[in-house]
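To start, the structure under review is shown below, and the notes come after it.
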Protein chains: 2
Amino acid sequence: MSRSSDLAALAALLADDTRARFCLALLDGRAWTASELAAHATVAASTASEHLGRLIGGGLLVERRQGRHRYVQLAGPREAELIEGLVAHLEPRGQRPATLRTSRAAEALARGRTCYDHLAGRLGVALTDALTDRGLLDRTAGFALTTAGVEWLTGPLAVAPEDLRGRRPLAKECLDWTERRSHLAGLAGARLCERLLARGWVKRIGTQRAVTVTPEGTDALRLLLDLDPASLS
Amino acid sequence: MSRSSDLAALAALLADDTRARFCLALLDGRAWTASELAAHATVAASTASEHLGRLIGGGLLVERRQGRHRYVQLAGPREAELIEGLVAHLEPRGQRPATLRTSRAAEALARGRTCYDHLAGRLGVALTDALTDRGLLDRTAGFALTTAGVEWLTGPLAVAPEDLRGRRPLAKECLDWTERRSHLAGLAGARLCERLLARGWVKRIGTQRAVTVTPEGTDALRLLLDLDPASLS
DNA sequence: TCGACGCTTCGGTCGCCGCCGAAGCGTCGC
DNA sequence: GCGACGCTTCGGCGGCGACCGAAGCGTCGA
């Protein structure tokens, strides 16, 4: 099996609209059941079953059985990153999609959402910009958290230092497809999202990926990051 | 046209072995003719013609006519990055592929090669590690060139400062699929490759992507980066 | 216990896509 | 000018994959 056929096989996993829909839905970082995905993509249960078999066999998804329910989710951050990279590539640089403004659901996603395990959309970008402005994130020569940035996470955000160590990079740039700018991914991005949700400063809207800043969160972020609430609307 | 069908269409561009071979070949950053690619992938000219039409129509490649010759190349660094990301995903982390050691061509690629417009393989990784060891590249909190790193490029390497400015990030991490570690991409990676080739410190082997360090280059890199020649074999 | 439910496998259908050789057009070099 | 060459388009063929309903199995809850 050669590299080109491996590449073609990997691409083929996503080269079907139904499977692409599944993977985009699973970018919310949660586990979905087979029938939820079937309903979401409006296909028969048998079709969903076969597609999931291919995605799991190909390594993009993992599954867990709970009685008659089969829960599937993205296999990990690497897989999420792969899909996000493809999605980011779809949009020309430097321009927001005009068509995305036409629906309320899309507007909510643009305002704030989870992107696998970190925050994205206007919220994600605003947070990333604020971190940059306050010297907690250095983007002049690459994309890296500063010493002060690490301290900010372990200090006011109470992230455990060991939670910032692992095989994943601490800071990773993730191009935001609604905002056309970068938001913070990597360990730091994941922990930030986790803490903001845990503190109730950010909460989920509905069952999809959309999130919003709570009033307490607006105050806290203004205090901690000089984050202007107007930058979130 | 929805996001999922856009994603599926993009993935479909690479979900064919022949097209995948084309794109992998074009990762050398050069322009190939249609018949060169047809020969490389061992398909008929008519097949190549159709596949190239799809890749160009899909935006991954661009073409240029010179008389009867049609030169095609990757549309840009974003497209190269997309393909590299997929290729990098193919390999499990933390292990070198044993099968790649079985052929001389593969060995040359592992030693050193171009990865679109920057250096990869053992050479690329060794350079990246040396830059890190000397405090020119900071990888503790992300992936960023240090101030000293920028000065090193504009100083001893004589990169024009304006060549380090542009829409592309200065430093970008590119996972090396032969070494399983990162090498430097982005503007800095491209300029480094360019200067090393221009100075004759690195030269191409054959017509593919393989490169090697010249004796003058070995001396210069030992002087400038304490780069141990043994780390290149 | 029994019917509902979630999921899987099977068989059949249909559309799509990659492949090729042939024919044709334009460029190139002798 | 002419034959070789690079490339494109066309028509035909065969294989593959997505889709579905039906049948079947195991789990769940009243």
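FYI, side chains are in, hydrogens and waters are out, and symmetry mates aren't considered; it's all heavy atoms of this structure. Labels below follow one simple rule: chain letters A, B, ... track the order of the sequence lines, proteins then strands, and each chain is numbered from 1.
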When the distance from [atom1] of [X] to [atom2] of [N] is rounded to whole Å, what number comes out?
X: Leu37(B); N: dG6(D); atom1: CG; atom2: P; value: 13 Å
X: Tyr71(A); N: dT27(D); atom1: OH; atom2: P; value: 15 Å
X: Trp32(B); N: dG6(D); atom1: CH2; atom2: P; value: 15 Å
X: Asp17(A); N: dG15(C); atom1: CG; atom2: P; value: 18 Å
X: Leu14(A); N: dG17(D); atom1: CG; atom2: P; value: 15 Å
X: Asp16(A); N: dG17(D); atom1: CG; atom2: P; value: 11 Å
X: Arg21(A); N: dA18(D); atom1: CZ; atom2: P; value: 15 Å
X: His51(B); N: dC7(D); atom1: NE2; atom2: P; value: 16 Å

Could you say whether Ala15(A) or Thr33(B) is positioned toward the 5' end of DNA chain D, judged by the nucleotide with the nearest heavy atom to each?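 Comparing both residues, the 5'-ward one is Thr33(B).
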5'-most by nearest nucleotide on DNA chain D - Glu50(B) or Ala34(B):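 Its nearest nucleotide being more 5', the pick is Ala34(B).
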Main chain of Leu157(B), side chain of Arg195(B): is a donor-acceptor contact present, judged purely on distance under 3.5 Å?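 Flag set: sc Arg195(B) to bb Leu157(B) pair under 3.5 Å.
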Keeping the roles fixed (side chain from Arg191(A), backbone from Asp163(A)), state whether a donor-acceptor pair exists under 3.5 Å.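 Indeed, once roles are kept as given, a pair shorter than 3.5 Å links the two residues.
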Just distance, no hydrogens or angles: give the donor-acceptor pairs under 3.5 Å from side chains in residues 59-68 of chain A, sequence neighbours left out.
unit_1: Glu63(A); atom_1: OE1; unit_2: Arg70(A); atom_2: NE; d: 2.7
unit_1: Glu63(A); atom_1: OE1; unit_2: Arg70(A); atom_2: NH2; d: 3.4

Measuring from the side chain of [X] (C-beta onward, heavy atoms only), which nucleotide among [options] has the closest atom?
X: Ala44(B); options: dG21(C), dT9(D), dT8(C); value: dG21(C)
X: Thr18(A); options: dT8(C), dG18(C), dC19(D); value: dC19(D)
X: Ser49(B); options: dG18(C), dC7(D), dT8(C); value: dC7(D)

Looking only at N and O atoms, is any donor in the side chain of Ser46(B) or the base of dG21(C) less than 3.5 Å from an acceptor on the other one?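 Result: at least one qualifying N/O pair found.
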Select base, sugar-phosphate, or nothing to describe what Ala45(A) touches, counting heavy atoms under 4.0 Å on all strands.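 Counting heavy atoms under 4.0 Å across all strands, the contact made by Ala45(A) includes a base.
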Quick one: label Ser35(A) by what it contacts on the DNA or RNA (base, sugar-phosphate, nothing), any heavy atom closer than 4.0 Å.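 Ser35(A): backbone/sugar contact only, no base atoms under 4.0 Å.
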So which of Glu173(B), His118(B), Arg122(B) actually passes side-chain hydrogen bond (donor to acceptor under 3.5 Å, both in side chains) with His183(B)?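 Testing His183(B) for a side-chain hydrogen bond (donor to acceptor under 3.5 Å, both in side chains) against Glu173(B), His118(B), Arg122(B) leaves exactly one candidate, His118(B).
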Within the 4.5 Å heavy-atom criterion, are Val72(A) and Ile56(A) side-chain neighbours or not?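 Yes. Closest side-chain heavy atoms under 4.5 Å.
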Using a 4.5 Å cut-off on heavy atoms from C-beta on, say whether the side chain of Thr128(B) contacts that of Val125(B).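 No - every pair of side-chain heavy atoms lies 4.5 Å or more apart.
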Write down the protein N/O and nucleotide N/O pairs, taken from nucleotides 24-30 of chain C, whose separation is under 3.5 Å; answer none if there are no such pairs.
unit_1: dT27(C); atom_1: O3'; unit_2: Arg68(B); atom_2: N; d: 3.3
unit_1: dT27(C); atom_1: O2; unit_2: Arg68(B); atom_2: NH1; d: 3.2

Asp117(B)/Arg168(B) ion pair, N-O < 4.0 Å: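 Looking at Asp117(B) and Arg168(B), the cut-off is met.
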Ion pair Lys172(A)/Glu81(A), N-O distance below 4.0 Å: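 Yes, Lys172(A) and Glu81(A) are salt-bridged.
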Short side-chain N/O contact to [N] OP1/OP2 from [X], under 4.0 Å:
X: Arg54(A); N: dA18(D); answer: yes
X: Thr47(A); N: dC20(D); answer: yes
X: Arg65(A); N: dG6(C); answer: no

